[in-house]
There are 2 protein chains.
Amino acid sequence: MLTHSKSAKSDGPLTEALAHSGLRLTPQRQQVHEVLREKMDHPTADQVFMRAKHKMPEISMATVYNCLDALVTCGLVRQVTLDRGATRYCPNMQDHSHFYCDECGSVYDILQTISPEDADIKLPRGFRLKNIETNLHGLCPDCAAKAK
Amino acid sequence: MLTHSKSAKSDGPLTEALAHSGLRLTPQRQQVHEVLREKMDHPTADQVFMRAKHKMPEISMATVYNCLDALVTCGLVRQVTLDRGATRYCPNMQDHSHFYCDECGSVYDILQTISPEDADIKLPRGFRLKNIETNLHGLCPDCAAKAK
DNA sequence: ATTGTATTTAGAATAGTTCTAAATCTTGAC
DNA sequence: GTCAAGATTTAGAACTATTCTAAATACAAT
């Protein structure tokens, strides 16, 4: 196979975050992260794959999953599971929650959330809480209008 | 004893809840609901299927999904999606949240939650909020101990 | 009883994710 | 630089989860 220059462009924050989890920065991981940040519409692995292929035609589905896992592991991306369908990915690591329209399946970022402190969650002895995920379910404006 | 009578035993609350969504009480729906309440360990559809088969050997997987959907639709059961794996089902309709161990995948009910009022979520115009799902992620006591 | 609709069923089909083994790339020791 | 060890990528197969389909059955209302 023809190999062009395969090394990743230097990217401080990405490199560091990955290294912290014992992972390397690769062009594929860089590309997947870029795809996620370009359009933060909570794409599925399959959508990420299709978008990544535009700039990197040889990338494979397995690699997309590998990259997504790597980015999740090192805290650069959140996994969002809202229904029985495909898992979605979110590169917005700011504290926020997701609104899921039970009717049409669309997802919206809601820039408001419940912090662990505010929630004052008391867990039984031994549990170690890492983070709280808040998912809001209901109808999006479009579907709410139609439902009337 | 083998009962060939196929009609569902009367069950007021179940019947009513289903009827409210235009659905009938059937022996299968009754059985699936019973399985969920017998062991509230957040089983997957497949686990529900296997448990239901003990008392109802002819039940099919498609029916289990149909029944779970029916019970979710009429508000008797909650769907719980915590990771990329199979969806889990929870018949506890009390306000509560789920603790998910990111290490071993076990799920615990946490009888504490954030109410919509407490959260004071302000949604953009047009959204209609139905309910808030709170998922706690971290390590269960066993895994937390091992991690040390 | 009869008819129309809801529900169940088995199995096929589809969708989503993980696995495998070989090829390629990167890093670090020399 | 060269080499070996280990990490990563790749295509495709395999597997798991869910949905669909069409025929059979059950139910409710005439």
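Small disclaimer: the values here were computed from a predicted structure and weren't measured. Throughout, a chain's letter reflects where its sequence line sits, starting with A, and its residues are numbered from 1.
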Once you round it to whole Å, what is the distance between [atom2] of [N] and [atom1] of [X]?
| X | N | atom1 | atom2 | value |
| --- | --- | --- | --- | --- |
| A:E58 | D:dT8 | CD | P | 18 Å |
| B:Q30 | D:dA26 | CD | C1' | 15 Å |
| A:Q79 | C:dG16 | CD | C1' | 13 Å |
| A:R84 | C:dT17 | CZ | P | 14 Å |
| A:M61 | D:dT10 | CE | P | 13 Å |
| B:L68 | D:dT19 | CG | P | 11 Å |
| A:L18 | D:dT9 | CG | P | 10 Å |
| A:F49 | D:dT9 | CZ | P | 14 Å |

Inset, instruction - Assess the side chains of A:Y100 and A:D83: does a donor N or O sit below 3.5 Å from an acceptor N or O? - result: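 Note: A:Y100 and A:D83 side chains meet the donor-acceptor criterion.
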
Inset, instruction - Verify the distance criterion only: is there a donor paired with an acceptor across the side chains of A:D102 and A:H137 at less than 3.5 Å? - result: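 Per modelled atom types, A:D102 and A:H137 side chains form a pair under 3.5 Å.
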
Inset, instruction - With heavy atoms under 4.0 Å as the rule, sort B:T87 into base, sugar-phosphate or nothing. - result: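 Sugar-phosphate, backbone atoms only, no base.
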
Inset, instruction - For B:D46, report the nucleic acid contact type (base, sugar-phosphate, nothing); a contact means any heavy atom under 4.0 Å. - result: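 If one applies the 4.0 Å heavy-atom cut-off, B:D46 turns out to touch nothing in the nucleic acid.
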
It should be established whether [X] places a side-chain nitrogen or oxygen under 4.0 Å from OP1 or OP2 of nucleotide [N].
| X | N | answer |
| --- | --- | --- |
| A:R24 | C:dT27 | no |
| A:R29 | D:dT8 | yes |
| A:Q28 | D:dT10 | yes |
| B:N66 | C:dT7 | no |
| B:T63 | C:dT7 | no |
| B:Y65 | D:dT19 | no |
| B:T26 | C:dT8 | yes |

Inset, instruction - Evaluate the side-chain proximity of A:V107 to A:L82: yes if any heavy-atom separation is below 4.5 Å, no if none is. - result: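 A side-chain contact exists here, since the closest heavy-atom pair is under 4.5 Å.
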
Legend entry - Heavy-atom side-chain contact between A:R78 and A:H96 under 4.5 Å: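 A:R78 vs A:H96: side chains touch.
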
Inset, instruction - Would you mind checking if A:D69 and A:R29 are paired as a salt bridge, meaning a charged N to carboxylate O distance below 4.0 Å? - result: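 Looking at A:D69 together with A:R29, the answer is no, because their closest N to O distance does not fall below 4.0 Å.
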
Inset, instruction - Tell me which of A:A86 and B:C67 sits closer to the 5' end of DNA chain C, going by the nucleotide each one is nearest to. - result: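 Nearest-nucleotide comparison on DNA chain C picks B:C67.
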
